[in-house]
Asks: 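Sharing a structure with you now.
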Amino acid sequence: VIYVYAIGEHAGRLTAFVKRGVTAPPSAEPEALLDHDRVVYSLMERGTVLPMRFGSVVGDEAEIRSLLLERRSELKRLLAHVRGRVEFGVRRDLPAVAGSGREYMQTKLESQRTVAPLAELAVDTRVRAKDTAYLVDRGLADTFRERVRGMKLAFTGPWPPYSFTGGLDG
Amino acid sequence: VSEALVPGREVTLVDIVDRLLGGGVVISGEITLAVADIDLVHVSLRALVASVEKVAGS
């Protein structure tokens, strides 16, 4: 099979960044996860990419070409959206299910207080299970980091835009 | 497991698992054979994409 790391552009054309000669889809072992992360991050430093979910494989080249062709307008739109931008994750240490109504309101207000000052530095946000993802212009990345640190919040990144790939649970 | 794995990035293995398995483009749906102006680029892992080799155009 062919392992697909990311979709991007090469010489102005929609491009899949792949590894050939893979015998089976990799299991989610640390080494394989780190490999995927490093490769996609390196690709992002060279150009605009949409990361693939870990473990994405196709049978052959025709399959990936067809996939890109079928979804080309969506993929090109997403690539334009993430161009020149990186993702940061900012953790929310909030209960997923709040006990009382009052607790819920406090949680919601607290969440709004932390999100708004960060969202104004981002072009897009996604609420994820454990954190909120912010899509930030590279030029504003340092400013964003400083603001998060100033707010005493824990963050991760910069990431390739894993949460801005249009996936159902991305 | 809280020290940074990657220089210059605030990233732990737990964060990587969360991002890589919860995000990214998902391959789905029916695949039909077609010709496109799409390139495939072979990623050389020898130096972690120090070189990206183009192997197929159309």
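Naming convention: chains lettered A, B, ... in sequence-line order (proteins, then strands); numbering from 1 in each chain.
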Asks: Got B:R19 and A:F54 here, is their nearest side-chain heavy-atom distance under 4.5 Å?
Replies: no
Asks: Check whether any side-chain N or O of A:R53 sits under 3.5 Å from a backbone N or O of B:V25 as a donor-acceptor pair, and report yes or no.
Replies: no
Asks: Please determine whether the number of non-hydrogen atoms from other residues, nucleotides or ligands lying under 6.0 Å from atom CD of A:E120 exceeds 12.
Replies: yes
Asks: Can you tell which part of A:E9 gets under 4.5 Å to a heavy atom of chain B, answering side chain, backbone, both or neither?
Replies: neither
Asks: Between A:V57 and chain B, which part of the residue has a heavy atom less than 4.5 Å away: side chain, backbone, both or neither?
Replies: backbone
Asks: Does any heavy atom of chain B fall under 4.5 Å from the side chain of A:Y41, the backbone, both, or neither of them?
Replies: side chain
Asks: Taking every heavy-atom pair that is under 4.5 Å apart, which of A:P158, A:G8, A:S56 has the most such pairs with chain B?
Replies: A:P158
Asks: Between B:R9 and A:W159, is the side chain to side chain contact (heavy atoms under 4.5 Å, CB included) condition met? List the steps.
Replies: CA-CA 8 Å; B:R9 292 169 67 202; A:W159 296 101; 3.5 Å; yes
Asks: May I ask you to list the residues in residues 138-146 of chain A that approach chain B closer than 4.5 angstrom, counting heavy atoms only, ordered by number?
Replies: A:R145
Asks: Pick out which of B:D15, B:V14, B:T12 makes a side-chain contact (heavy atoms from CB on, under 4.5 Å) with A:T156.
Replies: B:D15
Asks: List the atom of B:V26, the atom of A:R71, and the distance in Å for their closest heavy-atom pair.
Replies: O-NH1, 2.8 Å
Asks: Who among A:G55, A:A6, A:G157 has the most heavy-atom pairs with chain B under 4.5 Å?
Replies: A:G157
